[in-house]
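All chains are named by letter (A, B, ...) in the order of the sequence lines, taking the proteins before the strands, and each is independently numbered beginning at 1. For clarity, every value in this text was computed on a predicted model and none was experimentally measured.
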Number of protein chains: 2
Amino acid sequence: MSGKAGRTIRLMLVDDHPVMRAGLANLLSGEPGFSVVAQASDALSALACWREHKPDVVLLDISLPGLDGIEVLRQIKADEPQARVLMLTSSEAKEDYRQSMSAGAAGYVTKSVDPDVLFAAIRGVFERQGVAEQTGLGCLDGDESGETLSQREQEVLNLLRQGFSNGEIGKLLGISRRTARAHVSAILRKLGASARTEAVTRGFEKGILKI
Amino acid sequence: MSGKAGRTIRLMLVDDHPVMRAGLANLLSGEPGFSVVAQASDALSALACWREHKPDVVLLDISLPGLDGIEVLRQIKADEPQARVLMLTSSEAKEDYRQSMSAGAAGYVTKSVDPDVLFAAIRGVFERQGVAEQTGLGCLDGDESGETLSQREQEVLNLLRQGFSNGEIGKLLGISRRTARAHVSAILRKLGASARTEAVTRGFEKGILKI
DNA sequence: AGGCATATTGGCTAGGTGGCCAATGCCCGA
DNA sequence: TCGGGCATTGGCCACCTAGCCAATATGCCT
């Protein structure tokens, strides 16, 4: 497009699937202007790699063994707020998108986009270093209810999924059974569920709960 | 390894993520003896592609938009029982493995293996055409409870996740509330859950339920 | 300051849950 | 043929659920 070739973009890949990493590295190496300088398959080595190589752009997956990719993102940004991290994940969950962006991701691209779009996203993230919003995904789930679960509600939902009753939830959180019930009711309302069982399903579907 | 070079293996890739497909195609093309002759991103075009190209080996992902990868596998095998299909998926769920193998997959490799292992698996599948068992995964979840849900129980679990009560499940299945309850009890026992809410979670965790 | 979401707690009530006792018929593999 | 798993159904009972009526304290944003 532009005559401005720019220098080679030094990339770091973080993905827990070797097949994906190798494929991606191959793909990116074949594209002029990109150079994969580091790869990591888990949160810990990702952080170590980051500190060692300080790549121009990090391509970061969300589902990682151990620490969450979003947590890795937070730590990288805490380390260096200028870091440019492009989330590259198969998760189409709005929750992941929201959390990534508010944790400081420079962009969010799902693996369901064409390679060209990915390349463009990487260049975009690299060039406008300061800009934050740079999304490569068409449009997340349209089933928008808008309601976000509060911190407490997410805690309760995580107990719900384990099959605890309201009374047990109350004991575990040090609150009364009545309060736990109020939280459950709020969860049902926000997730549009008619029963706690459905709320758990909704939680998984929306990416609030993870396997 | 062997001096027996064999002819080039004609591969077909089925994966819903373009980034994955492109990366994989790149990776495989760089490996001598492999040739990617077709790619598909969904069940329908996968079947059409299969009939048109009749590749030596199909690399098939399970999570596909629309029809399940396992369903695609079933249809391919129905079309031609000799077809060699190697499942290549990120799912570590025993349920997916079990279903794939009983549907006639020539092998099951997760994306968490090294590319070399994948290459070896492809060659293995291609060479011993008749052999069925050829697994590339170390060992699936060891949290083996052994108990498999019956057809009816899976139906009930799918209603459970939607928040239906025992009475509603009974009406939907045309059985009595008491029978629905018996199925739920069996599900709880088999999944090691103490409440239906936990049973749903277990279903997602074990891959019996899908998002 | 006033409004709004959040977190906390209470009682009442119809209905749902899941463990326990139990039974019948079917089909399949040993 | 004799289990054993499966699908089906029944009652009893202590407990749990989720809707309804409510209240109070904390924050944060305008």
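- B:Gln162 and A:Thr201 form no side-chain donor-acceptor contact under 3.5 Å, judged by distance and modelled atom types alone.
- We find that CD1 of B:Ile169 is positioned 15 Å from C1' of D:dT8, with the value rounded to whole Å.
- As a whole-Å value, the separation of B:Arg177 CZ from D:dG11 C1' is 13 Å.
- Comparing C:dA7, C:dT6, D:dC6 by their nearest atom to the side chain of B:Ser150 picks out D:dC6.
- To the nearest 0.5 Å, atom NZ of residue B:Lys54 and atom CD1 of residue B:Ile76 are 9.5 Å apart.
- Each of A:Phe164 and B:Gly174 has a nearest nucleotide on DNA chain D; the 5'-most of these lies closest to B:Gly174.
- Following rounding to the nearest Å, A:Lys171 (NZ) and D:dC16 (C1') show an atom-to-atom distance of 12 Å.
- When the side-chain nitrogen and oxygen atoms of A:Ser176 are compared with OP1 and OP2 of C:dT9, one or more of them lie within a distance under 4.0 Å.
- Relative orientation of the A:Tyr97 and A:Tyr108 rings is perpendicular, given thresholds of 30° and 60° on the angle between their planes.
- The distance from atom CD of B:Gln154 to atom P of D:dC6 is 12 Å, rounded to the nearest whole Å.
- Contact annotation: B:His183 does not reach the phosphate of D:dC6 (side-chain N/O to OP1 or OP2, under 4.0 Å).
- Applying side chain to side chain donor-acceptor pair (under 3.5 Å) to B:Asp15 and the options B:Lys111, B:Gln39, B:Arg21 leaves one that passes, B:Lys111.
- To the nearest 0.5 Å, the span separating OG on B:Ser150 from NZ on B:Lys190 amounts to 5.0 Å.
- D:dG4 atom P lies 15 Å from atom CD of B:Glu147, rounded to whole Å.
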Checklist line | Verdict with reasoning, B:Lys210 to B:Asp68, per salt bridge (charged side-chain N to carboxylate O under 4.0 Å, His left out) | finding: CA-CA 10 Å; B:Lys210 297 191 181 172; B:Asp68 208 66; 3.7 Å; yes

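- One interatomic measurement links the two molecules: CD of A:Glu168 to P of D:dC16, which rounds to 8 Å at whole-angstrom precision.
- Residue B:Thr179 is classed as a base contact, given a heavy-atom separation below 4.0 Å to a base.
- A close approach under 4.0 Å does not occur between any side-chain nitrogen or oxygen of B:Lys190 and OP1 or OP2 of D:dG5.
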Note to self: How would you summarise protein contacts on nucleotides 18-30 of chain C per nucleotide, using B for base, S for sugar-phosphate only and - for none, with heavy-atom distances below 4.0 Å?
What the structure shows: BBBB---------

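- With A:Ile187 as the fixed residue, the side-chain contact (heavy atoms from CB on, under 4.5 Å) test singles out one of A:Val156, A:Val200, A:Ile208: A:Val156.
- Contact check, A:Arg189 against D:dA18: no side-chain N or O comes under 4.0 Å of OP1 or OP2.
- The side chain of B:Ser165 approaches C:dG16 more closely than any other nucleotide in the set C:dT8, C:dG16, D:dC6.
- Within the structure, a side-chain polar atom (N or O) of B:Arg152 is placed less than 4.0 Å from OP1 or OP2 of D:dT8.
- To the nearest angstrom, P of D:dG10 lies 11 Å from CD1 of B:Ile175.
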